[in-house]
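Here the structure is a predicted model, which means the values were calculated and not measured. So you know, we letter chains A, B, ... as the sequences are listed, proteins then strands, and number each from 1.
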Amino acid sequence: MANDTNKFQAIISHCKEYGFIFPSSEIYDGLQAVYDYGQMGSELKKNIKDYWWKSMTQLQDNIVGIDAAIFMHPTTWKASGHVDNFNDPMIDNKDSKKRYRVDHLIEAFAEEQKTTGNEQLANDVLAQMDALLAKDDFAGLKKLIEDNKMKCAISGTGNWTDIRQFNLMFSTEFGSMETAEIPPAGGGGANKVYLRPETAQGIFVNFLNVQKTGRMKIPFGIAQIGKAFRNEIVARQFIFRMREFEQMEMQFFIRPGTQKEWYEKWKATRLEWHQSLGIPAEKYRYHDHVKLAHYADAACDIEFEFPIGFKELEGIHSRTDFDLKQHQEYSKKKQQYFDNDIDPATGKPYGNYIPYVIETSIGLDRMFLAVVSHAYEEQDLSTPEKPDSRVVLKFPAKLAPIKLAVLPLTKKDGLPEIAEQIMTDLKPHFRCFYEEKDSIGKRYRRMDALGTPFCVTVDHQTKEDNTVTIRHRDSMEQERVPIGKLKEIVLSAIG
RNA sequence: GCGGCAGUAGCUCAGUGGUAGAGCUUCAGUUUCCCAAACUGAAGGUCGUGGGUUCGAUUCCCAUUUGCCGCUCCA
């Protein structure tokens with residue numbers, strides 16, 4: 001149950017078979033950990049996006065959205081810490097095949113020296129490591145490891161590969177001409193820019209633009225949906241971990257000292273959002289971080305029970321004033337807010353400060369996977385007379401790619417004409433789908449597999465009294481309703 | 001990145017050192033008045049890719065790529 005590989009595989013197959021997700025560039029054998037959303041997947045994804053965007057902006061009084069560029073000035077990533085913290089040199093032991101982060105290996109060695117009394121050696125090694133890391137001197141680092149006879153804990157040998165760099169961030173050349181300059185070791189040329197590894201920085205660097213032009217008063221938030229890119233050492237796990245993915249983030253700017261209460265508030269608010277989709281509470285849990293990232297003073301994940309177990313779906317981080325302070329330092333531009341509100345403690349305005357930030361960050365692709373995982377169901381409908389089954393995606397109606405299928409019972413006797421009129425009337429209001437091929441049962445099952453919540457069927461009685469049957473996906477029950485009521489029925493279900 | 005397993009039609013899979021087959025799917029019809037119907041006909045594969053052995057390779061060998069499982073990694 002907690003780790004149902006077969007179900008996960010079935011979901012992946014279903015996503016491909018019914019046009020939700022295809023491997024990227026499949027005709028060229030695909031591209032590892034990159035996926036395309038198909039005709040159904042793009043609709044579902046868009047619906048998830050819209051639902052998030054509406055609840056995080058339109059339904060809030062003090063949150064606005066932006067859409068920042070993926071390219072950002074390279075200094076952004078120095079300020080954020082991504083350049084220094086996430087370009088980890090790695091080294092493999094050839095005997096045990098175990099891979100180490102070079103800094104971890106050397107630090108472990110230094111730790112060991114300290115416990116055996118060689119404090120001096122430990123400090124020397126650490127100092128040399130820092131100097132070599134700063135220069136990206138991999139040969140020097142390897143020499144440091146070899147000179148000190150550092151061993152692999154598993155194999156006990158010092159049989160190491162060369163040191164290689166594993167970059168979290170993708171980089172590219174800015175400008176149409178490649179520079180002739182030879183890039184420094186481990187780095188790029190002068191025109192190197194990164195593809196953003198998180199959308200958050202696009203919000204931080206626009207903090208004052210939005211605050212001033214929107215006359216925003218703290219506390220307020222800036223939301224953004226956008227692509228981000230990360231190299232992962234292993235990527236697998238379908239769309240759970242992708243090189244190119246989409247984040248839905250909101251950074252909430254607050255008065256210093258109030259971070260605890262806002263953190264708790266957003267933690268609760270975001271869980272409520274998930275549960276508002278009708279997914280049972282037991283599929284979700286919080287995971288509080290014990291070891292915190294360099295920018296956070298509190299952090300938790302909202303985890304979802306995927307078929308591969310409970311995994312991170314959304315993060316809520318109390319980022320302190322780390323990011324704005326860093327940008328202020330690197331850009332030399334003040335990132336302060338003047339707070340006119342009266343501080344009851346002093347009777348005076350709060351004055352100038354760098355705001356604190358609470359971040360909510362959800363992976364859109366992971367949310368997609370969560371929705372599909374929960375919706376996917378294989379049902380046994382066998383009767384004593386004959387075996388039968390169906391695959392149904394029980395999407396919340398508001399997320400379903402297609403809301404309504406219009407199906408004439410037969411393709412003659414004027415039934416298609418009536419059905420087409422229904423299509424014409426309803427398709428301006430929501431996504432409809434028309435189908436007259438094959439038996440009605442087969443058409444129902446196809447719609448189940450796409451998660452279409454409603455099917456209306458035009459039959460001979462329709463010609464008499466202008467009523468149709470509407471069939472509900474989950475119960476498979478039908479009711480007869482006037483054609484004129486269809487719009488209202490569907491709109492109220494997806495509202 | 002390492003190790004193991006695998007890749008034949010859109011899907012699930014047979015098969016053979018002599019250039020491939022089934023079911024489902026898809027498409028065109030006939031029939032069909034409510035939950036995967038039947039019948040007729042059609043389409044669809046340079047057997048993952050590149051080399052090698054061979055008179056001849058989808059089959060044997062090597063490399064490569066993709067996927068799965070395990071390990072590793074994952075602010």
Side-chain angles (χ1 to χ4, degrees), chain A residues 3 5-6 8-10 12-14 16-19 22-34 80-82 84-88 90-101 104 152 154-155 161 164 166 168-169 197-198 200 230-238 240-241 289 291-296 299 301 308 311-312 315 317 319 322 359 361 379 381-383 386-392 407-413 415 437-449 455-463 468-473 475-480:
Chain A
N3 192 338
T5 305
N6 288 339
F8 196 52
Q9 292 309 321
I12 294 169
S13 299
H14 192 88
K16 166 132 191 252
E17 185 97 34
Y18 288 92
F22 308 121
S24 162
S25 337
E26 198 185 8
I27 63 169
Y28 294 110
D29 287 333
L31 192 59
Q32 196 181 52
V34 185
S80 70
H82 285 81
D84 294 329
N85 290 335
F86 303 115
N87 285 354
D88 302 321
M90 311 286 278
I91 191 166
D92 292 0
N93 183 272
K94 288 180 186 168
D95 298 313
S96 65
K97 309 291 187 198
K98 181 159 169 61
R99 167 166 301 161
Y100 294 88
R101 269 174 63 170
H104 287 179
C152 166
I154 311 282
S155 67
T161 62
R164 282 169 295 179
F166 287 88
L168 173 96
M169 291 192 287
E198 63 175 19
R230 296 180 197 182
N231 264 314
E232 303 283 352
I233 293 171
V234 285
R236 295 183 225 178
Q237 296 178 311
F238 195 41
F240 184 79
R241 184 163 286 161
H289 289 201
K291 198 181 127 203
L292 294 169
H294 58 270
Y295 51 72
D301 297 332
I308 49 176
K311 300 273 185 187
E312 177 187 347
H317 291 185
R319 290 181 81 129
F322 176 84
E359 166 187 273
S361 174
Q379 295 178 338
L381 303 175
S382 297
T383 59
K386 69 165 190 171
D388 197 3
S389 67
R390 70 166 180 165
V391 173
V392 56
L407 316 170
L409 195 54
T410 69
K411 51 182 151 183
K412 57 179 190 183
D413 301 333
L415 301 187
K437 249 188 73 67
D438 291 314
S439 74
I440 192 68
K442 200 171 212 169
R443 283 179 273 167
Y444 285 154
R445 297 303 166 86
R446 274 204 287 260
M447 287 300 111
D448 289 342
C455 294
V456 306
T457 304
V458 177
D459 58 18
H460 281 74
Q461 191 181 327
T462 308
K463 293 197 289 187
V468 290
T469 60
I470 184 163
R471 181 244 192 202
H472 298 267
R473 176 194 65 204
S475 64
M476 296 198 288
E477 279 166 7
Q478 295 173 269
E479 51 179 322
R480 186 161 278 279

**Request:** Take the protein atom CZ of A:Phe22 and the nucleotide atom C1' of B:rG67, then report the distance between them rounded to whole Å.
**Result:** 18 Å
**Request:** Could you state the atom-to-atom distance from CD of A:Gln9 to C1' of B:rC5 in whole Å?
**Result:** 14 Å
**Request:** Using the closest heavy atom to pick a nucleotide of RNA chain B for each, name whichever of A:Leu409 or A:Ile12 lands nearer the 5' end.
**Result:** A:Leu409
**Item:** P spacing across the pair B:rG3 / B:rU64, given as an integer number of angstrom
**Value:** 11 Å
**Asked** For A:Gln478 and A:Arg471, what are the C-alpha separation, side-chain angles and deciding distance, and is it a side-chain hydrogen bond (donor to acceptor under 3.5 Å, both in side chains)?
**Response** CA-CA 4 Å; A:Gln478 295 173 269; A:Arg471 181 244 192 202; over 6 Å; no
**Request:** Round to the nearest Å and state the distance from A:Tyr444 atom OH to B:rC35 atom P.
**Result:** 8 Å
**Asked** What's the NE2-P distance between A:His14 and B:rU12, to the nearest Å?
**Response** 14 Å
**Message:** When the P atoms of B:rA6 and B:rG10 are compared, how many Å lie between them, rounded to an integer?
**Reply:** 23 Å
**Item:** Whole-angstrom distance between B:rG45 and B:rU12, as gauged at atom C1'
**Value:** 15 Å
**Request:** Keeping the roles fixed (side chain from A:Arg230, backbone from A:Pro197), state whether a donor-acceptor pair exists under 3.5 Å.
**Result:** yes
**Prompt:** Is there a donor-acceptor pair closer than 3.5 Å between any side-chain N or O of A:Ser13 and the backbone N or O of A:Gln9?
**Reply:** yes
**Item:** Same-atom distance (P) from B:rC13 to B:rG4, integer angstrom
**Value:** 24 Å
**Asked** Heavy atoms under 4.0 Å, any strand shown: does A:Gln461 hit a base, just sugar-phosphate, or nothing?
**Response** nothing
**Prompt:** Just how far, in rounded Å, is C1' of B:rC35 from CG of A:Leu381?
**Reply:** 9 Å
**Prompt:** Taking A:Arg443 for the side chain and A:Pro408 for the main chain, is one N or O donor matched with an acceptor at less than 3.5 Å?
**Reply:** yes
**Request:** Could you tell me whether a side-chain N or O of A:His472 sits under 3.5 Å from a main-chain N or O of A:Cys455, the two making a donor and an acceptor?
**Result:** no
**Asked** Rounding to the closest angstrom, what is the interatomic distance between B:rA37 and B:rU30 at atom C1'?
**Response** 14 Å
**Request:** Considering only atom C1', compute the distance from B:rU32 to B:rA38 and round it to an integer number of Å.
**Result:** 9 Å
**Item:** For the student: nearest non-hydrogen atoms of A:Ser389 and A:Arg445, plus distance
**Value:** O-NH1, 3.1 Å
**Prompt:** Using atom P of each nucleotide, how far apart are B:rG70 and B:rA28 to the nearest Å?
**Reply:** 44 Å
**Request:** Name the residue closer to the 5' end of RNA chain B, choosing between A:Gly441 and A:Lys412 according to the nucleotide with the nearest heavy atom.
**Result:** A:Lys412
**Message:** If I take atom CG in residue A:Leu415 and atom C1' in nucleotide B:rU32, what distance separates them, rounded to the nearest angstrom?
**Reply:** 13 Å
**Request:** Report the base-pairing partner of B:rC39 (Watson-Crick or G-U wobble, both distances below 3.5 angstrom), or none.
**Result:** B:rG29
**Item:** Check: A:Lys463 side chain, A:Asp413 main-chain N or O, donor-acceptor pair, under 3.5 Å
**Value:** yes
**Asked** Can you check whether A:Lys16 has a side-chain N or O nearer than 4.0 Å to OP1 or OP2 of B:rC11?
**Response** yes
**Asked** How about A:Arg446 and A:Asp438: do any of their side-chain heavy atoms sit closer than 4.5 Å?
**Response** yes
**Request:** For B:rC74, give its Watson-Crick or G-U wobble partner with both distances under 3.5 Å, or none.
**Result:** none
**Prompt:** Does a distance-only test, which skips hydrogens and angles, find a donor-acceptor pair under 3.5 Å between the side chain of A:Arg230 and the base of B:rA75?
**Reply:** yes
**Request:** Check whether any side-chain N or O of A:Ser439 sits under 4.0 Å from OP1 or OP2 of B:rA37, and answer yes or no.
**Result:** yes
**Request:** Heavy atoms only: give me the nearest A:Thr457-A:Thr462 pair and the separation to one decimal.
**Result:** O-OG1, 4.5 Å
**Message:** Checking base pairs now: Watson-Crick or wobble, both atom distances under 3.5 Å. What partners B:rG3?
**Reply:** B:rC69
**Request:** Tell me which nucleotide among B:rC34, B:rC35, B:rA36 gets nearest to the side chain of A:Arg471.
**Result:** B:rC35
**Item:** B:rU64: pairing nucleotide in any strand, Watson-Crick or G-U under 3.5 angstrom
**Value:** B:rG48
**Item:** Nucleotide forming a Watson-Crick or wobble pair with B:rU16, both distances under 3.5 Å
**Value:** none
**Request:** Rounded off to whole Å, could you give me the CG-to-P distance for the A:Asp448 and B:rC34 pair?
**Result:** 18 Å
**Message:** So A:Thr457, base contact, sugar-phosphate only, or nothing? Heavy-atom distance under 4.0 Å.
**Reply:** base
Review item, nucleotides 24-29 of chain B N/O atoms under 3.5 Å of protein N/O:
{"residue": "B:rU25", "atom": "OP1", "partner": "A:Lys442", "partner atom": "NZ", "Å": "3.2"}
{"residue": "B:rU26", "atom": "OP1", "partner": "A:Arg446", "partner atom": "NH1", "Å": "2.8"}

**Message:** Over all strands shown, is A:Ser13 touching base, sugar-phosphate only, or nothing at heavy-atom distances under 4.0 angstrom?
**Reply:** nothing
**Separation of the P atoms in B:rC39 and B:rG44, to the nearest angstrom** = 23 Å
**Asked** Atom CD of A:Glu198 to atom C1' of B:rA75: distance rounded to whole Å?
**Response** 9 Å
